[in-house]
There are 2 protein chains.
Amino acid sequence: MDRIDRKLLNLMQRDASRTNVDMADEVGLSPSSCLRRLQRLRKSGVIDKIVAILNPARAGRVIKAVVTVELKLHGEQHMRRFLDTASAEEAVSHAYAVTGETDVVLMLRLRDMEEFDLLCDRLFRDQTNVARFFTMIVIRTAKEETAIPL
Amino acid sequence: MDRIDRKLLNLMQRDASRTNVDMADEVGLSPSSCLRRLQRLRKSGVIDKIVAILNPARAGRVIKAVVTVELKLHGEQHMRRFLDTASAEEAVSHAYAVTGETDVVLMLRLRDMEEFDLLCDRLFRDQTNVARFFTMIVIRTAKEETAIPL
DNA sequence: GCTGCATTTGCAATAATATTGCACAATATC
DNA sequence: GATATTGTGCAATATTATTGCAAATGCAGC
């Protein structure tokens with residue numbers, strides 16, 4: 001993992017649709033050598049996957065929200081059950097067990113508030129293991145970065 | 001945007017490293033027709049970008065945290081200044097202005113707690129516009145999804 | 001510094017893939 | 001139901017990825 005590997009990873013994190021020839025030129029290597037580095041980075045698991053990032057609004061998910069959740073029962077199995085249930089929801093993009101104020105943090109991508117209402121019924125209300133939850137609707141997205149700085 | 005487009009977007013959201021020939025076969029189109037759809041989806045902006053997703057741990061960012069921030073001054077220019085400052089930080093992967101309990105939610109990817117300490121100095125302490133902040137360290141990641149369900 | 005070993009590199013040949021023009025089919029519009 | 005618009009598949013071509021191999025590079029032990 002040297003300077004050239006880091007360069008390649010940065011290029012790939014920004015735009016993985018570029019050709020190998022192109023990137024080889026930019027990092028100052030021959031195409032074959034560059035390709036072998038990229039293959040190594042993939043097989044070793046540093047590069048987890050290569051994916052298309054959609055524009056959420058153009059995909060019909062216009063509302064984003066962060067929800068903090070406090071559970072009633074805090075046992076390991078209860079925590080796991082709640083995380084599994086939440087993770088199974090399409091609208092839930094991120095689900096974390098956390099320290100501090102609350103037990104769980106969820107990030108949501110919603111089509112509309114009706115979807116949120118129905119989601120609350122399934123995850124938070126009545127018969128669920130949720131004591132309290134706090135919803136923070138996203139007003140402005142200042143940063144949303146998949147790339148990890150090296 | 002028909003059934004085939006949605007199929008293609010789902011494939012691309014899961015794995016954009018597959019060849020056009022491969023995906024054409026899976027959705028039941030000829031390679032040329034499939035390629036033209038993909039090009040259209042890119043130019044129209046539904047596909048925002050194609051990127052490599054790294055394994056955060058293998059990239060040296062082993063700690064994740066969610067931080068909620070309450071500002072002292074809530075004016076538009078103060079909010080913007082704080083969001084810009086936070087967004088400029090490498091460790092900040094997401095920065096949102098939100099409704100509800102607090103004003104801002106940040107998501108962090110950290111190398112160690114020393115980096116967190118230094119980040120707090122720059123963003124939250126003393127001369128900053130921050131009244132209070134609550135840190136939630138991620139214990140378990142149950143879901144972390146870039147794909148948007150269609 | 002030298003030697004031997006392992007790794008990386010660049011070149012050239014080959015295989016695979018993307019890309020384009022074009023005629024035809026499907027679909028929508030009036 | 002006629003016409004315009006869009007989407008499709010085929011075939012030819014251009015790009016690109018991939019592989020074998022010899023040379024170069026880096027590295028440990030001496």
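All of these numbers come straight from a predicted model, not from anything done at the bench.
The CG-P distance, from B:L38 to C:dT20, rounds to 14 Å in whole Å. Between B:D22 atom CG and D:dA17 atom P there is a gap of 16 Å when expressed in whole angstrom units. As rounded to whole Å, 9 Å separates atom P of C:dG21 from atom CZ of B:R36. Spacing between atom CG of A:D2 and atom C1' of D:dC27 amounts to 15 Å, rounded to whole angstrom units. C:dA26 atom C1' lies 13 Å from atom CG of B:L29, rounded to whole Å. We find that CE of B:M23 is positioned 11 Å from C1' of C:dA18, with the value rounded to whole Å. We find that CG of B:L35 is positioned 10 Å from C1' of C:dT20, with the value rounded to whole Å. The separation between B:N20 atom CG and C:dT17 atom C1' is 8 Å, rounded to whole Å.
Side chain of A:Q13 to backbone of A:I148: a donor-acceptor contact under 3.5 angstrom is found.
Neither OP1 nor OP2 of C:dA18 sits under 4.0 Å from any side-chain N or O of B:Q39.
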Quiz prompt | Test log, rule side chain to side chain contact (heavy atoms under 4.5 Å, CB included), inputs A:D112 and A:V62 | solution = CA-CA 7 Å; A:D112 49 46; A:V62 291; over 6 Å; no
Quiz item: Please walk me through it: do A:R37 and A:L29 pass side chain to side chain contact (heavy atoms under 4.5 Å, CB included)?
Solution: CA-CA 10 Å; A:R37 275 172 182 266; A:L29 277 183; 3.5 Å; yes
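If you check distances only, the side chain of B:R40 never reaches the base of D:dG7 with a donor-acceptor pair under 3.5 Å.
Residue contacts for A:S32: at a heavy-atom cut-off of 4.0 Å it reaches a base atom on one of the strands shown. Residue-level contact check: A:R37 touches the backbone only, with heavy atoms under 4.0 Å from sugar-phosphate atoms and none from bases.
Side-chain contact check for A:M1 versus A:R40: every heavy-atom pair is 4.5 Å or farther apart.
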